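Small disclaimer: the values here were computed from a predicted structure and weren't measured.
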Amino acid sequence: MSQSQKVEAAYTMARDVFAATGIDTEAALNRLDSIPISMHCWQGDDVRGFENPAGELTGGIQVSGNYPGRASTPGELRADLDFAMAQIPGQKRLNLHAIYLETDKPVSRDAIEPHHFHNWVEWAKKAGIGLDFNPTCFSHRLSEDGLTLSHPDKAVRDFWIAHCQASRKVSEYFGKQLGTPSVMNIWVPDGMKDLPADRFAPRERLAQSLDAIIAEKISREFHKDAVESKLFGIGAESYTVGSSEFCMGYATSRKTLLCLDAGHFHPTEVISDKLSSVLQFVDEVLLHVSRPVRWDSDHVVLFDDELQAIANELIRGDVLGKVNIGLDFFDASINRVAAWVIGTRNTRKALLRALLEPASRLKQAESERDFTTRLAIMEEAKSMPWSAVWDFYCLSRNVPVGIAWLDEVKNYERNVLSKRKAA
């Protein structure tokens, strides 16, 4: 038997096993296809972007490692994304930061315009994907003291407000051009290294700045605003202005999206448990799927318990229509393209496993207070032949099955990445 025949035979047996439990694998795969995952551009170039001149990475963010082959031009980054996306099944999007504009001359961040991102839109049209966006409130001379939208200097605040307002216009442009709304996430690095004397004033200023940013109404058909919290960062160890409570309150009262980042909470907190709570009060959520290791270090997403728990909550709660899934990590210690492939495939694997779970039977057992049956089904579901369904999914969507994608990445490294000049 050929490899394809083996995959198909294994799938046929797995399909029958799942059918015996009431699960339609074909329906699960079709639904899986429809779930977009927004890949993050900044994994490909270590969050450097294409500003002229490029600034040093700041804002409590660090990228460790110096693996050869980093993209240093928009063309290289798009080529890497094209290659990575070809190894990943299912619907995809791309999440851009403002520093990934294309221009021949320096452009102040408060003066960015949609035409600076024209090439990204044309690329997205050819790829058949949507684009998301982020203002870049770090790696800039006006963010060097750790405050931006909450800065006591009104001139500094006004600059960042103008940048975010300009970013909304770019985001709206994406939505209009591509026929799918762009989610624009606002995260600021604002905080203090040591204990502040006044916690109130910076948060008051941040709320006022955000109000000014979103004052102009833009149709959600094209653009959606999100706010993202953070527990701490390098240089903001003692106080973060945009805390979880702040952003939750803001999103609830202003009707914006709330961004939940897997690495932006206390080490023992998980975002999977937060979804059912926050969705009682906000209409929509943005997920930043990442992996913290001891701190918000944004490691490549693993196929681990928390990732599966997130996927289970999305499917069991039937809230996919209210949740936007995006990735957020950056690792320069390994092949950057491989990092994209590993993290994105893992995220889709977790969604597949969740779709193949007998959620209705679990809920029925729970409603009947039959916790024995609930636990038994949960545990048996873990050993169901979901991986055979995954392999067939990859085969039927014309992407590499199993680890075969790694050979493709290694060839791309030899033929493309290794020929790039170190920067």
Side-chain angles (χ1 to χ4, degrees), residues 36-55 70-86 91-140 159-187 213-214 216-226 286 324 326-328 336-337 340 416 420 423:
I37 298 175
S38 192
M39 296 170 60
H40 53 309
C41 71
W42 50 92
Q43 165 58 34
D45 77 328
D46 306 342
V47 206
R48 297 196 182 195
F50 306 120
E51 275 188 323
N52 183 9
R70 178 183 67 80
S72 58
T73 68
E76 289 179 347
L77 185 57
R78 284 192 283 268
D80 292 353
L81 282 161
D82 282 334
F83 183 84
M85 288 181 174
Q91 190 178 152
K92 293 167 283 283
R93 300 175 64 88
L94 181 69
N95 195 6
L96 278 170
H97 248 283
I99 54 174
Y100 289 82
L101 79 171
E102 294 180 64
T103 176
D104 294 330
K105 58 183 180 180
V107 174
S108 179
R109 286 195 198 169
D110 59 347
I112 62 171
E113 297 183 38
H115 70 85
H116 295 129
F117 299 88
H118 171 78
N119 291 341
W120 284 108
V121 168
E122 293 305 304
W123 170 81
K125 287 178 179 178
K126 292 179 182 178
I129 65 172
L131 293 176
D132 299 309
F133 201 59
N134 309 261
T136 307
C137 298
F138 53 85
S139 300
H140 190 276
F159 172 84
W160 291 113
I161 289 170
H163 171 56
C164 292
Q165 289 171 333
S167 294
R168 294 181 86 226
K169 290 298 185 181
V170 174
S171 178
E172 180 186 28
Y173 163 69
F174 289 170
K176 288 182 175 179
Q177 289 291 312
L178 299 173
T180 176
S182 168
V183 179
M184 193 193 89
N185 184 49
I186 302 174
W187 171 78
I213 290 166
I214 67 171
E216 181 181 347
K217 301 302 180 185
I218 299 178
S219 171
R220 281 203 175 193
E221 180 184 357
F222 309 119
H223 161 86
K224 299 176 182 179
D225 294 296
L286 168 63
N324 304 270
L327 303 179
D328 184 8
R336 295 171 182 81
V337 175
W340 267 323
V416 178
R420 292 177 181 169

Candidate list N95, N134, D328, test side-chain hydrogen bond (donor to acceptor under 3.5 Å, both in side chains), partner W42, passing option: D328

Which heavy-atom pair separates V337 from A84 by the least distance, and what is that distance? CG1-CB, 3.9 Å

Before accepting this row, confirm whether a basic side-chain N of the pair E216/K169 lies closer than 4.0 Å to the acidic partner's carboxylate O. yes

Under 4.5 Å between any side-chain heavy atoms of D110 and W160, yes or no? no

Supply the atom-to-atom distance L77 CG to C41 SG, rounded to the nearest 0.5 angstrom. 6.0 Å

Out of curiosity, I214 CD1 to C164 SG, how far, rounded to the nearest 0.5 Å? 11.5 Å

Please walk me through it: do H118 and Y173 pass side chain to side chain contact (heavy atoms under 4.5 Å, CB included)? CA-CA 9 Å; H118 171 78; Y173 163 69; 3.7 Å; yes

Flag the pair F174 / L96 as yes when at least one side-chain heavy-atom distance between them is below 4.5 Å, and no otherwise. yes

Test T103 against H116 for side chain to side chain donor-acceptor pair (under 3.5 Å), laying out the working first. CA-CA 6 Å; T103 176; H116 295 129; 4.6 Å; no

For a 4.5 angstrom cut-off between non-hydrogen side-chain atoms, does I99 reach F50? no

Counting N and O atoms only, with roles assigned by atom type, does the side chain of S182 sit under 3.5 Å from a partner on the main chain of L131, one being a donor and the other an acceptor? yes

Salt-bridge test for E113 and R168: reply yes if a basic N is under 4.0 Å from a carboxylate O, no otherwise. no

If every non-hydrogen atom of P181 is compared with every non-hydrogen atom of H223, which pair is closest and at what distance? CB-N, 4.2 Å

Does this structure show an ion pair linking E172 with K176, if we count only N-O contacts that are shorter than 4.0 Å? yes

Side-chain (S219) to main-chain (E221) donor-acceptor, under 3.5 angstrom: yes

Ion pair E51/R109, N-O distance below 4.0 Å: yes

Taking the six-membered ring for Trp, are H140 and F159 closer than 6.0 Å centroid to centroid? yes

Which heavy atom in M184 sits nearest to a heavy atom in S171, and how many Å separate them? CB-OG, 3.8 Å

Quick one: pull up NE2 in H40 and CG in L81 and give me the separation to the nearest 0.5 Å. 10.0 Å

Measuring only between side-chain heavy atoms, which start at C-beta, is I37 closer than 4.5 Å to Q91? no

Kindly indicate whether the side chain of F133, heavy atoms from C-beta on, has any atom under 4.5 Å from the side chain of V183. no

Looking at D80 and R420, is there a salt bridge between them, counting it only when a charged N and a carboxylate O are closer than 4.0 Å? yes

Electrostatic pair D132-R93, nearest N-O below 4.0 angstrom: yes

Please report the closest heavy-atom contact between A98 and F117, naming both atoms and the distance. O-CZ, 3.5 Å

Is the closest side-chain heavy-atom distance between S38 and L94 below 4.5 Å? no

Atom CD in E102, atom OG1 in T73: separation rounded to 0.5 Å? 8.5 Å

How long is the span from the CG atom in L327 to the NZ atom in K92, to the nearest 0.5 Å? 11.5 Å

Apply ring pair (Phe, Tyr, Trp, His ring centres under 6.0 Å) to W120 and list each qualifying residue two or more places apart in sequence or on a separate chain. W123

Approximate separation, where rounding is to 0.5 Å, of R70 CZ and R48 CZ: 3.5 Å

So, are D45 and R336 salt-bridged, with charged N and O less than 4.0 Å apart? no

